[in-house]
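Report on one structure; see the data block that follows.
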Amino acid sequence: MVSEQEILNTIALTRINYFTLSGLLQIYRMLGSATAVIENRNNIKDVIPDASDRLIEALKQLDEPMKRAEVEMEYDIQHDILPLTLIDERYPQRLKEVDDAPLMLFYKGNADLNQKRVINIIGTRQCTIYGQDLIRKFIQELKTLCPKVLIVSGLAYGVDIHAHDEALKYGYETVGVLAHGLDDLYPRRHMSTANKMVNQGGLLSEFLTQTNADKMNFVRRNRIVAGMSDASILIESAKKGGGLITTEISQSYGRDVFAFPGRVGDIYSEGCNNLIRNNGAAMITCAKDFVEAMGWQEDALLFKAQSKGIERQLFPELSNEEQKIVDVLTRNNDLQLNFIAVQAGLSIQQATSILFMLEMKGIIKTLAGGMYHLLK
């Protein structure tokens, strides 16, 4: 558990505005915590020889940032907001990997941000009837193919709000990433949906309270939407738009990008069609296309097995390959796929298939961050 002092120190660091986000993140990662950064602020050159004079001076003037952090912390406690530092295991682990991850996130909700499957659904704020139908049919079909997926969007007009509403309707947890603090909501018209999401998903932001929904904040918000997801799905977009910015960020993070095509000449299909034409996104026409492209076909089978209450066999019959993985996890439990594959002498594809069978047998379970846990 991250200490209250570490949370305060991290909030304070985010108040230093002289430096780029990536610069602060580099320093933070180098020292391992906000507390370590602050403890070494008077001899920062010994730790980081190429630290700028401006950075050194800013780190010495932390009185105002610390006071602001205390105000923020008090508000969060009073309003059931969870502050998540970069070293908190509840922080989205996919997002943690990227080069411009936020030092701090503020979260109000009940969904696990590190679920096995996380996607974002994005697009124009001028969503047409065609786009609305695509969202509804996609989520409806996805529910039968992948019953447990966290759906992320930006709670904006158009595609975002329709994605959140359909996710709620079909029983998915859904998280809205905001471009302002959690003491407000923009647009106010979406308050009813936001209130439902707190109990079936959540609201997430990197911004402190009293932060306005400025234009630049929406661009910053998009990197969180992209970074915390396995894949981005563009529904409709004009030639330029926020959805295209998110897909570009997703590509830079090495995440999968998909787009629905539209009729030639339609203004809000132009962005999707161009993206597909230029190989910036894989074309999909339904959820089945998406699930097959992601290799998630086994999700429905596993969900059905788990819902029937399959329990671990006391003495299961294991193949040689299954026993290799069990042996690996017996020696060192809670490992990610790539480590398991290497230690068991298997390919990633083999290990993925075997881990699925072991999960079906009730021998292992998946944890946040793509970790596999041997049940003992």
Side-chain angles (χ1 to χ4, degrees), residues 87-98 111-119 141-152 171-173 227-231 233 253-256 258 282 284 286-376:
I87 58 176
D88 194 315
E89 63 181 12
R90 295 165 296 183
Y91 185 102
Q93 296 302 300
R94 296 169 178 84
L95 179 62
K96 185 177 180 179
E97 299 170 359
V98 306
D112 178 6
L113 302 176
N114 289 295
Q115 293 186 31
K116 187 176 181 180
R117 312 293 191 204
V118 183
I119 65 172
E141 183 185 2
L142 185 67
K143 186 65 177 179
T144 66
L145 299 173
C146 293
K148 193 167 179 59
V149 177
L150 179 62
I151 295 180
V152 178
Y172 276 131
E173 292 180 325
M228 67 183 292
S229 307
D230 297 307
I233 299 171
Y253 292 162
R255 308 296 163 81
D256 293 288
F258 300 87
I284 55 174
C286 59
K288 184 172 180 288
D289 291 347
F290 170 73
V291 170
E292 290 179 351
M294 294 297 292
W296 293 356
Q297 298 94 321
E298 295 173 329
D299 281 25
L301 179 62
L302 178 59
F303 181 80
K304 289 178 182 178
Q306 291 173 335
S307 65
K308 290 179 181 178
I310 288 182
E311 298 180 355
R312 179 185 179 188
Q313 301 173 25
L314 291 178
F315 302 99
E317 294 183 5
L318 301 178
S319 68
N320 289 336
E321 288 77 13
E322 288 173 337
Q323 188 62 55
K324 288 179 181 178
I325 288 181
V326 169
D327 291 343
V328 168
L329 291 175
T330 299
R331 292 193 300 270
N332 188 11
N333 211 352
D334 301 345
L335 293 175
Q336 293 181 324
L337 171 62
N338 55 335
F339 291 106
I340 294 172
V342 170
Q343 293 182 35
L346 302 169
S347 68
I348 294 292
Q349 185 175 5
Q350 286 176 310
T352 300
S353 177
I354 296 165
L355 284 164
F356 171 75
M357 293 307 300
L358 290 172
E359 193 169 1
M360 286 284 292
K361 291 179 179 181
I363 296 171
I364 65 170
K365 70 175 182 178
T366 53
L367 301 176
M371 309 285 279
Y372 290 89
H373 177 79
L374 178 66
L375 299 170
K376 297 181 180 180

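Nothing fancy with the numbering, it's 1 onward along the sequence.
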Residues which pass side-chain hydrogen bond (donor to acceptor under 3.5 Å, both in side chains) with [X], listed by chain and number, not counting sequence neighbours:
X: D88; result: R90
X: K288; result: E292
X: Q323; result: D327

Review point. Does a donor on one side chain and an acceptor on the other come within less than 3.5 Å for Q349 and T352?
Key: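 No, T352 and Q349 have no side-chain donor paired with an acceptor closer than 3.5 Å.
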
Which value, rounded to the nearest 0.5 Å, describes the distance between [X] atom [atom1] and [Y] atom [atom2]?
X: S353; Y: E298; atom1: OG; atom2: CD; result: 6.0 Å
X: T366; Y: F356; atom1: OG1; atom2: CZ; result: 11.5 Å
X: L367; Y: D334; atom1: CG; atom2: CG; result: 5.5 Å
X: I364; Y: M371; atom1: CD1; atom2: CE; result: 12.5 Å

Review point. Where do V291 and C146 come nearest, in terms of heavy atoms and distance?
Key: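 The pair with the smallest heavy-atom distance is CG2-SG, 3.8 Å.
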
Check your understanding: Do you know which two heavy atoms are closest between L150 and D112, and how far apart they sit?
Key ->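 Smallest heavy-atom distance, with atoms named: CD2-O, 3.7 Å.
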
Review point. Does R255 pair with E97 as a salt bridge, N-O distance under 4.0 Å?
Key: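 Salt bridge present between R255 and E97.
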
Are any non-hydrogen side-chain atoms of [X] and [Y] less than 4.5 angstrom apart?
X: S229; Y: I119; result: no
X: L113; Y: M228; result: yes
X: I325; Y: L346; result: yes
X: H373; Y: L375; result: yes
X: L335; Y: N332; result: yes
X: L318; Y: L358; result: yes

Point to revise | Partners meeting ring pair (Phe, Tyr, Trp, His ring centres under 6.0 Å) with F258 (sequence neighbours left out) | key: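 Testing F258 for ring pair (Phe, Tyr, Trp, His ring centres under 6.0 Å), a comparison that skips the adjacent residues, returns F290.
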
Can any side-chain N or O of [X] pair as donor or acceptor with the backbone N or O of [Y] at less than 3.5 Å?
X: E173; Y: A111; answer: no
X: Y172; Y: K143; answer: yes
X: T144; Y: E141; answer: yes
X: Q93; Y: Y91; answer: yes

Check your understanding: Which residues pass the salt bridge (Lys or Arg N to Asp or Glu O under 4.0 Å) test with E322, sequence neighbours left out?
Key ->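 Once residues adjacent in sequence are excluded, the partners of E322 under the salt bridge (Lys or Arg N to Asp or Glu O under 4.0 Å) criterion are K361.
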
Exercise for review: Tell me, with the steps shown, if V98 and L95 meet side-chain contact (heavy atoms from CB on, under 4.5 Å).
Suggested key: CA-CA 6 Å; V98 306; L95 179 62; 4.1 Å; yes

**Study point:** Qualifying residue, where the test is side-chain hydrogen bond (donor to acceptor under 3.5 Å, both in side chains) with D230 and the options are K116, Q115, R94, R117
**Key:**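 With D230 as partner, side-chain hydrogen bond (donor to acceptor under 3.5 Å, both in side chains) holds for just one option, R94.
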
Can you give each donor-acceptor pair under 3.5 Å made by side-chain atoms of residues 336-345, sequence neighbours left out, with the distance rounded to 0.1 Å?
from, atom 1, to, atom 2, distance (Å)
Q336, NE2, G369, O, 2.9

